Amino acid sequence: GNSVTQMEGPVTLSEEAFLTINCTYTATGYPSLFWYVQYPGEGLQLLLKATKADDKGSNKGFEATYRKETTSFHLEKGSVQVSDSAVYFCALRRALTFGSGTRLQVQP
Amino acid sequence: DTEVTQTPKHLVMGMTNKKSLKCEQHMGHRAMYWYKQKAKKPPELMFVYSYEKLSINESVPSRFSPECPNSSLLNLHLHALQPEDSALYLCASSQEGGANVLTFGAGSRLTVL
């Protein structure tokens, strides 16, 4: 079946630090992959997506590359801000399967 | 209009009550979804409607009853719930197709006493 594995949180960083949140998946074929973000008290918002191998999704300084050979879709940002504090979910196939979520806390 | 609107935002009900959660979108999306999210957990898919027909039911107990009266509306009828059903219920919609992005509502926070 389909599954998504994310790194455990919380991840605590200082402002302007480099961020990586790991995501690996198990699925048949070549599923579309997504990162969603959930700010406190809100629903989820799409952050970025990739639909085929070697695609790079990017938005608001965040990037993730679809790596077929390692079945991974790691989220990166070069310089985080306090406003990036949220929970980040990796998802598979139009968000029918979510990873467990990684809470990011950015300190000033 | 690029929003999914959910009502009510908060709902408290007893185990013998009957209530409904409502979801509305006017983006012309033909797929609509219900998710359940417990605290500090990811959303769990409950139901998917495609072109107003139920296409996925993730073995959800019958005390949850979905309804899609038209392409813009999605309801979740609640009856004889248990305290462990307390959670955030999220509605989402999308175009049909594998890579299409979901647009989520802000959720309805349900407490069952």
Side-chain angles (χ1 to χ4, degrees), chain A residues 1-11 21 23 25 27-53 55-59 64 66 73 85-105, chain B residues 2-10 21-25 27 29-50 54-60 74 76 87-110:
Chain A
N2 299 325
S3 67
V4 178
T5 302
Q6 279 184 244
M7 63 187 288
E8 292 287 328
V11 173
I21 300 177
C23 170
Y25 67 89
T28 56
Y30 302 106
S32 297
L33 299 171
F34 304 82
W35 277 101
Y36 282 82
V37 59
Q38 187 173 30
Y39 298 100
E42 298 184 12
L44 281 72
Q45 304 172 25
L46 177 74
L47 185 58
L48 52 84
K49 72 174 186 179
T51 58
K52 61 184 187 297
D55 263 3
K56 177 185 281 188
S58 61
N59 186 27
Y66 190 139
F73 193 54
S85 298
V87 181
Y88 293 80
F89 293 98
C90 187
L92 190 62
R93 293 195 199 284
R94 200 173 40 168
L96 298 190
T97 305
F98 282 95
S100 56
T102 303
R103 182 173 301 277
L104 170 65
Q105 297 173 321
Chain B
T2 58
E3 286 188 344
V4 174
T5 303
Q6 289 189 243
T7 55
K9 290 195 187 308
H10 299 275
L21 305 180
K22 298 184 182 301
C23 175
E24 188 168 6
Q25 58 89 13
M27 295 177 280
H29 289 170
R30 301 312 298 269
M32 297 186 77
Y33 310 74
W34 280 115
Y35 288 86
K36 174 182 178 180
Q37 187 178 26
K38 301 283 276 184
K40 300 188 178 182
K41 296 290 187 183
E44 297 175 19
L45 184 66
M46 300 175 73
F47 303 105
V48 181
Y49 273 82
S50 176
L54 185 64
S55 62
I56 296 177
N57 176 344
E58 291 287 332
S59 302
V60 178
L74 184 66
L76 186 63
L88 181 68
Y89 288 84
L90 294 166
C91 175
S93 69
S94 75
Q95 299 285 3
E96 267 297 0
N100 287 306
V101 172
L102 270 65
T103 301
F104 281 85
S108 292
R109 186 162 298 283
L110 172 67

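Numbered from 1 within each chain, the chains take letters A, B, ... in sequence-line order. Predicted model only: the values in this text are computed from it and were never measured.
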(request) Answer whether the closest heavy-atom distance between the side chains of A:Gln38 and B:Leu88 falls below 4.5 Å. (result) yes
(request) For chain A, find which of B:Leu102, B:Ile56, B:Leu45, B:Val48 contributes the most heavy-atom pairs closer than 4.5 angstrom. (result) B:Leu102
(message) If I compare all heavy atoms of B:Pro43 with all of A:Phe98, which pair ends up nearest, and what's the gap?
(response) O-CD1, 3.7 Å
(message) Which heavy atom of A:Gly99 sits nearest to which heavy atom of B:Pro42, and what is that distance?
(response) O-CB, 3.0 Å
Is atom [atom1] of [X] surrounded by more than 12 heavy atoms (other residues, nucleotides or ligands) closer than 6.0 Å?
{"X": "A:Glu8", "atom1": "CD", "answer": "no"}
{"X": "B:Lys41", "atom1": "NZ", "answer": "no"}
{"X": "B:Arg109", "atom1": "CZ", "answer": "no"}

(message) For B:Phe104, run the ring pair (Phe, Tyr, Trp, His ring centres under 6.0 Å) check against A:Tyr36, A:Tyr39, A:Phe34, A:Phe89 and tell me which one passes.
(response) A:Tyr36
(request) Hey, could you give me the CG/OG distance between A:Leu96 and B:Ser94, rounded to the nearest 0.5 Å? (result) 8.5 Å
(message) Working to the nearest 0.5 angstrom, can you tell me the gap between A:Leu44 CG and B:Thr103 OG1?
(response) 11.5 Å
(message) What part of B:Leu90 gets within 4.5 angstrom of chain A, counting heavy atoms only: side chain, backbone, both, or neither?
(response) side chain
(message) So for B:Glu44, is it side chain, backbone, both, or neither that comes closer than 4.5 Å to the heavy atoms of chain A?
(response) neither
